[in-house]
Structure formats: structure tokens, C-alpha cells
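Just below is one structure, and these are the notes that go with it.
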Protein chains: 2
Amino acid sequence: MGTRDQLIDSTRELLWERGYVGTSPKAIQQRAGAGQGSMYHHFAGKKDLALAAVRRSAAELLATAEAQLRTPGTAVDRITAYLRREREVLRGCPIGRLTQDPEIVADPELRAPVDETLGRLRARLAEVLDEGRSAGELPATADTAALAATIVAVLQGGYVLARAAAAPEPFDQAVSGVLSLLAAL
Amino acid sequence: MGTRDQLIDSTRELLWERGYVGTSPKAIQQRAGAGQGSMYHHFAGKKDLALAAVRRSAAELLATAEAQLRTPGTAVDRITAYLRREREVLRGCPIGRLTQDPEIVADPELRAPVDETLGRLRARLAEVLDEGRSAGELPATADTAALAATIVAVLQGGYVLARAAAAPEPFDQAVSGVLSLLAAL
DNA sequence: GTCTATAGCTCGATAGAC
DNA sequence: GTCTATCGAGCTATAGAC
């Protein structure tokens, strides 16, 4: 792996752990084992590097989600597979986390990939729910776009509860709750 | 209002907007209209001030929730009143926001009030759901603790989606989704 | 109680040698 | 492509006058 990739990966980790405001070029360089000149040779600055890092994390998140949602079974089965897949819950979501960063939401360029990623995730979940509705698994009146937003919100909010408690249990409870509600539909 | 209170209020605002890592003593002083000597006279430092600010925000959050949950009606009515109350959605949750801050979750003293607040909120919602279950509004088999976690997670995650989109709609969708699921129980 | 001055450090970025 | 040196600013905190 080249120095450029090392820098991107270090930035991804630090953005996940500490956010944009809490991540310094110096910390990125140290984690990547690269010097200052090297970083500013490959990237225009902190923002440029963050953009590359966020885009890579976003692509990975969507690919991982797709792997779970592509499984056979009913819509609720597929969503269960997605929600129950192994997660490092206490680390939170590498993309959702960025929405709490004032400099990310204030900058259209930095916010765009975050918005697009969560938007696509919701759209994909709505698609799965649509298929379930067409198959008669869900009521014809179900608002699949709203349910998709609820599911993604449970994930993102589950991370918040788990991190507050420093334990994964509240995340698991929140997921169990929404799955029991979906199963009862 | 005294200087001490001004400092606490400014810290509350800045923690909400920028988090702990993104908030400097200097910014607090400027917003409060107080000098450095004044701040360090009233508080031992940034952490001490943050503790006072978080405790005050936590008390306010729980009091506001209680005002909505105390209303008459079924459990779902009361939870609807809570979820649908007027919110500045794009600002997010002043307490949940702190779970994304590495220095808050790493410090037991700073994390404690966050954990306690979200824990109490979940417990209070579970209580409301328990009352509804006893009244026959919910199935006897409903896992009220899990549903309470789901409801708080939808709120916290709804903020995440709204901030990503820079629009309140995803929050409203997520709330609509979970309320429709609860109504169908 | 509040002020100014200052400490020692890190911030994000640039310069210029090699 | 990577290095070291340096910039001007801001960081959290302390000192000591008033």
C-alpha cells in the first residue's frame, strides 16, 4: 500500500474516532508513518484528505449494506440480516458520526458525501420494503420511505445509546424493538 | 444572571453546537462576555465548566420530556406528543450529541451524566409503555424496555439523518414510521 | 472577582533543501 | 516524493496586579 493510501486510511480511522474538528494533520501523519511534506505533496490540505477518506468509507458502508440486503428471504428477513450483522457497536457509524461535526455540516462539499450515503441507504431499504409489500408481506398501506428512515434512525440512534452506556446492550434492544414491530405488521 | 451562569449557558450552547473537542475556553469567555480570570475564578477549567453545563442541559431535557409524557391519553398518545413536539431538529440533541465526542466517552466523569440522562429517558418511556400494556393497549408480550430503546434511538438517529440532509424531513419520516408501527401493535 | 500578561504547546499550512 | 524548518494563530492554563 502506497503512502497516499496510508494517509487516507489513517484519516478514515481518525475521522471515525475523533471527527473532523478533533483530527489534526499531525495526528494523521504520525498514524500513517508519513512526514508533513509527504502529506502536503499528495493532498491540498486537511479538507482534501478528509474528502478522500469520507468517500472511501461511504463506498465501503454501502457495499457492506448491500451484501446483507441482497440475501434471499422476505423483506423483514433481509432487514434483520442487515441490522443483526456483526458490528463494532461502540465505535459507532463512520458516516453518521460526521453529522455531529460543525465543520462538516457547515461545508457543502464535506456534507455532500454524508448526505448521499445515508440517502442511498434509505432508498435501498425502501426498495427492499417495496418488494416485501408487493409480495404481500407488508400491508399495502405501509409507508416504505418512512419505515426505511425509521430503520436507519434506529441504527444511528442505537449507536448513540450504546456509546452513552459504554455497552452494546441498548443498541441490541433498539434493534430488537424495531424488528418486533416490523414482524407484527 | 450572574457571570457564573453566563459562563455555564455559553458552554451549553457551544457544547451543543461544536462538542467538547470543538469548544475552547476562549470561545466560551467571548460568548459569555467574561474575561479569562473570571472563568478560572469560577471554574477549575474546561472540564469543570463542561460538567456544570452538561448537568444543566440534562436536567432541562428530562423536565421537557416529562412535560409531554405526563399528558392524558393512551401510551401511544403520550409518546406521540413527546415525539411530535416542536423541536429545532437541525440542532440535534444537546445530550446525545456528546456521545460522538471522544473526550466525553473516554472520561467516566463526563460520560456519567450523559449515560444517566439517556438511561432515565428510556426508563420513563418504558414506564409509559408498561402502563399502556397494563391497560390492554399493547400486547401482553410487548418488550417495553426494547421498545423504549427503539423510540429514543429513532429520535437520536432522526437528528443524524436530518443533519446529514440539512433538512428536517428525514427526522419527521423516521418518527412517522415508528409511530405507525406502534399504532399497528 | 476580574483584569492583563504570559507560558508552553499544538494548530493548519508553507518554504525550500535534497 | 519526502525531509526539516518555520510561520502566525490559537490552544489550555497560570501568575500576579488591581
One should read off an interatomic distance between B:Arg84 CZ and B:Leu179 CG, to the nearest 0.5 angstrom, of 5.5 Å
*May I ask you to decide whether A:Glu103 forms a salt bridge with B:Arg18, counting only side-chain N to carboxylate O separations under 4.0 Å?*
yes
Atom OH of A:Tyr40 and atom C1' of D:dT4 are separated, to the nearest Å, by 15 Å
To the nearest angstrom, the NE2-P distance between A:His41 and D:dC3 comes to 12 Å
Rounded to whole Å, NZ of B:Lys46 lies from P of D:dG10 at a distance of 16 Å
Taken to the nearest whole Å, CE/B:Met39 to P/D:dA13 is 7 Å
When rounded to whole Å, the CZ to P distance for the pair A:Arg4 and D:dT2 reads 12 Å
Taken to the nearest whole Å, CG/A:Leu7 to P/D:dT2 is 9 Å
Q | N-O pairing of B:Glu109 and B:Lys47 below 4.0 Å | A | yes
Note: contacts of residues 22-36 of chain A with DNA chain C (heavy atom, under 4.0 Å) are A:Thr23, A:Ser24, A:Pro25, A:Lys26, A:Gln36
Under 4.0 Å between a Lys/Arg side-chain N and an Asp/Glu carboxylate O for B:Asp101 and B:Arg111?
no
Side-chain contact check for B:Ser38: nearest option of D:dC3, C:dT2, D:dT12 is C:dT2
query: Could A:Asp9 and A:Arg31 be called an ion pair, given the rule that one side-chain N must be under 4.0 Å from one carboxylate O?
result: no
Rounded to the nearest 0.5 angstrom, the CZ-CD1 distance for B:Phe43 and B:Ile8 is 4.0 Å
From CD of A:Gln6 across to C1' of D:dG1 the rounded distance in Å is 15 Å
